[in-house]
Amino acid sequence: MSGTIKVLNVAEKPSVAKSVSGILSRNQALRVRDGRSRYNRIFEFNYSIRGQPCHMLFTSVTGHLMELEFEDRFRKWHSCDPLDLYHAPVRKFVPEDKLDIKRTLEEEARRCQWLVLWLDCDREGENIAFEVINVCRAVNRHLTIRRARFSALIDREIHHAMQNLIDPNPWFSDAVDARQEIDLRIGASFTRFQTMLLRDKFVIDSATDDRNLVLSYGPCQFATLGFVVERYWEVQSHEPEEFWTINCSHRSDEGVATFNWMRGHLFDYTCAVIVYEMCVQEPTATVTKVQHKEKLKYPPYPLNTIELEKRASRYFRMSSEHTMKVAEELYQAGFISYPRTETDCFSSRTDLHAIVQEQQGHPDWGSYAQRLLDPETGLWRNPGSGGHDDKAHPPIHPTKFSTGEHGWSQDHRTLYELVVRHFLACVSQPAVGAETTVEIDIAGELFSASGRVILERNYLDVYRYESWGGSMIPTYTVGQQFAPASLTLDTGVTRPPPLLSEADLLSCMDKAGIGTDATMHDHIKKLLDRFYATKDSNTRFSPTNLGEALVMGYDDMGYELWKPNLRSMMEFDMKEVSVGNKSKDEVLATCLQQMKACFFDARLNKVKLLEAMAVFFERSNRAVGGDNYAAGEVVRQCDLCQESSMVLKKNRDGNFMVGCSGFPQCRNAIWLPGSILEAAVTSNICSSCNPGPVYLIQFKFLQIEIPPGFNANHLGKDIGPMTGCIGGCDDTLRQLIEICGTGSRMSARGRGPTTTSSNGQRSSNRHNGCVHCQQTGHSSNDCPSQFSRSRNSQSHTHSENVSCSTCGMPCVLRTANTANNRGRKFYSCPSQECNFFIWEDGVSNGNDGRSIPSTNCSASNSGRRGGRGQSGRNRSHAADTTFVSATGDPVSNRCYVCGDPSHFANVCPNRGM
């Protein structure tokens, strides 16, 4: 095999690999062996590409080789705030069930020089092609990459594709990558949001196991639901209105003609009666106009995917999802061309006569095909153009003759017949008819009648799905007068529009640009699977209570998330990516920024969703589980990581806190008083705290656990009943935290006692910084800005008799909240330059208090502090005094040599003395 190159060929499905291998090898010397995956076999044969001898290895994947998913730490529903999913890292990976296929590709690619891709020739197929490229290039970066473009699994198409290989199109692949990432981020965020918000609050009758119910959201799926709900609302809101019309008929020897009032109808009964009485008083009818003209009924345009689905639904009541399944099977068996195409015009290179010739032997439409090919009949007409061309595939047409194969179901036969008859019709002359219109005058009121005669049926002879009904009317001449056989005033009522049929729904989606020709049927199926809509025996859609409630909730918010506009713009941008006019990153940034803002606003207005659900469903008595409290309610943006949100949460031991949703990557937390009985985030925004918005929290305290003078229903910020701010401006809340302490930091899982670990809080504060001034080095409770701000309002907490021995400032009386000193009062200097401290009972005993030292503290007393002096004379005095932090904890985060908190022991100047 000198000079022979090895070529690895990869198809999208095992059946395609088998068909193409059989065509290229002409089923001669074709060897078959197993790969790593028993479903994806490897075919070997020899072939020549433009004179180059090749040893062909032909295998396949099964659709997408890779999946797009969030990194593991974001995949669990409670791992993060759903808002974080708009910027959480994602990755493409080969799932477990596709690893054998990946290993086969790697093994074969290592010993090949070429890689030829036989994936479906659309955007999705191109994306799968680049997934295969990535796997193969990882083990053989010298591979020559080529792409085969084909539209049917027939000899001429396959050999032409093999001899005219092209380069893969990265723009097509980028468009799919953009769509996948946009749909993943939007779908996951809204699905988690509405599921965790609603599932446990209502008894949803559509779910047998509502604990596992997922209220999914998809940008295309929800826009599709919007069409169904909007039409349903139109039907429901319709109020029948009575109207009146005048009808006239005339009988002659040639037949009966019915004349319609050209006003149509009137809603005013009195006016209608007056006009009718005028006609009755002067009933003679005078012919004012007789018009004869030729009418043409044109055949349909060549068949694309949307039209195939619509016509199968209209003619056979076949669902779009089932239509595509059957069409795909016919394509893989080689009987029709690729069924996913937007194109509805044939190129000049297509041999249309050859396609017709193959159908001459059919017992049903063979004679019509023969007439088409006979020039003397004049029946042939080059097909019209619908104006759509995806530049990838021709319109759907028959590629192999069949009178019905063994194993075909009735749906296979029906759909194949539709494709053939549609193709024969689109290359035929239009039907010709003669239409006559007659207008008459009765007492000044005009009436008209029309009749039609079909002169030449043409394409209607083969396209039996359409008819062109008409009726004969008598012959009339202008000026002729006659007395009507009947002249009546009839009544009727207006009727609402019908519910959307599947064909109507596909038309709405196509017009608005929702989904692609290859995905529209999937979106419709998801509505039914998720029980957001139902379809009756006439293929007409109605929303379920759940579907209507969700759309109503978003509609009440004022954001048209259920309207097609947003998705239409996304689809347009992705089309721009596919032709190279926009980059993938540009489209991702624009779309996700827009939808992130919508998500944020939707969450702020979540009460609208709750109100809408309450219209249709009973409230659940089930206790809200971990799903909801783990998710939390957003209070503000995290000031530490600047990425996630601070959310109100309830620990398993029942205590409230405001923590970063990015935990454990970000451990920013604000612990709330342990005496809080209830807490909920409101929609009110603090006008003082920045950066905003900071949403106020509604609190209710246990009266028995708060001091006298404080209301259990906290009135904070003068905003409204029971609201407070955690941004630092709420003096009342701050006082309650100082007096009552915070809830337990410990989990209830037996990790030790549930007493407050103030060391843990001090560590957290040291890491996160003060929530008031955003500076590190002190806790939020010790912030000087807060003490100075509230000094006047809290004069009762100061002692005029105790001043800082260093700076002379009045000391603050505070309450310790540690296990050893809980409730014990102490004085401390509000200045961060001085760390003066003294117990209140020490003042009553005549103790003068001590300042916390900066250097030369006793190394043997890690929990004690001495004075500020630089000499050793202060050390002995320091050993007798215990110094604690503002929460009452012994201070231990200092140099163990000299006790100075400004440095560690390894750099202590007194080390080794």
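Fair warning: this is a prediction, and the values are worked out from it, not measured in the lab.
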Do other residues, nucleotides or ligands put more than 12 heavy atoms under 6.0 Å from [X] [atom1]?
X      : atom1 : result
Lys575 : NZ    : no
Glu618 : CD    : no
Glu96  : CD    : no
Glu586 : CD    : yes
Lys526 : NZ    : no
Phe93  : CZ    : yes

Taking side chain as C-beta onward, heavy atoms only, is [X] less than 4.5 Å from [Y]?
X      : Y      : value
Leu696 : Val681 : no
Leu546 : Tyr532 : yes
Asn668 : Met646 : yes
Leu83  : Val634 : no
Met509 : Leu505 : yes
Leu499 : Val235 : yes
Leu213 : Thr195 : no
Arg179 : Leu588 : no

Rounded distance [0.5 Å steps], [atom1] in [X] versus [atom2] in [Y]:
X      : Y      : atom1 : atom2 : result
His87  : Gln593 : NE2   : CD    : 12.5 Å
Leu85  : Thr191 : CG    : OG1   : 10.0 Å
Leu610 : Gln194 : CG    : CD    : 11.5 Å
Leu609 : Arg603 : CG    : CZ    : 13.0 Å
Arg636 : Asn690 : CZ    : CG    : 8.5 Å
Leu550 : Leu225 : CG    : CG    : 7.5 Å

Aromatic plane relationship, Phe222 with Tyr554 - under 30° parallel, 30 to 60° tilted, over 60° perpendicular: perpendicular
Sub-3.5 Å donor-acceptor pair from the side chain of [X] to the main-chain atoms of [Y], do we have one?
X      : Y      : answer
Ser320 : Glu309 : no
His64  : Asn127 : no
Ser189 : Ile186 : yes
Thr323 : Ser319 : yes
Glu548 : Pro543 : no
Lys606 : Ala602 : no
Asp84  : Cys80  : no
Thr544 : Phe531 : yes
Ser501 : Thr539 : no

Side chain to side chain contact (heavy atoms under 4.5 Å, CB included) between Phe656 and Ile670, intermediate numbers included: CA-CA 9 Å; Phe656 287 94; Ile670 300 171; over 6 Å; no
What heavy-atom pair brings [X] and [Y] nearest, and what distance separates the two atoms?
X      : Y      : result
Leu566 : Cys598 : CD1-SG, 4.2 Å
Pro82  : Phe599 : CB-CZ, 3.6 Å
Asp183 : Pro219 : OD1-CG, 3.7 Å
Cys660 : Cys638 : SG-SG, 3.7 Å
Gly547 : Val229 : O-CG2, 4.3 Å
Asp573 : Cys591 : OD2-SG, 4.1 Å

Between [X] and [Y], does any side-chain N to carboxylate O distance fall below 4.0 Å?
X      : Y      : value
Glu571 : Arg567 : yes
Lys535 : Glu502 : yes
Arg185 : Glu181 : yes
Asp555 : Lys608 : no
Arg91  : Asp72  : yes
Asp81  : Arg192 : no

Identified salt bridge (Lys or Arg N to Asp or Glu O under 4.0 Å) partner of Asp504 from the options Lys310, Arg231, Lys511, Arg540: Arg540
Phe190 ring center near Tyr217 ring center (under 6.0 Å): yes
Ring centers of Phe202, Phe616 separated by less than 6.0 Å: no
Option from Val635, Val694, Asn684, Ile685 for which side chain to side chain contact (heavy atoms under 4.5 Å, CB included) with Cys725 holds: Val694
Working for side-chain hydrogen bond (donor to acceptor under 3.5 Å, both in side chains), residues Glu230 and Trp562: CA-CA 10 Å; Glu230 189 170 34; Trp562 57 280; over 6 Å; no
Modelled atom types, side-chain donor and acceptor of Ser79 and Arg73, under 3.5 Å: no
Side chain to side chain donor-acceptor pair (under 3.5 Å) partners for Lys525, two or more places apart: Asp529
Candidate pair Gln180 and Lys92, rule side chain to side chain contact (heavy atoms under 4.5 Å, CB included), full reasoning: CA-CA 11 Å; Gln180 287 178 343; Lys92 250 193 168 183; 3.5 Å; yes
Worked verdict on Leu198 versus Phe617 for side chain to side chain contact (heavy atoms under 4.5 Å, CB included): CA-CA 11 Å; Leu198 305 173; Phe617 301 102; over 6 Å; no
Derivation and outcome, side chain to side chain contact (heavy atoms under 4.5 Å, CB included), residues Asn538 and Arg317: CA-CA 7 Å; Asn538 294 319; Arg317 295 187 178 180; 3.2 Å; yes
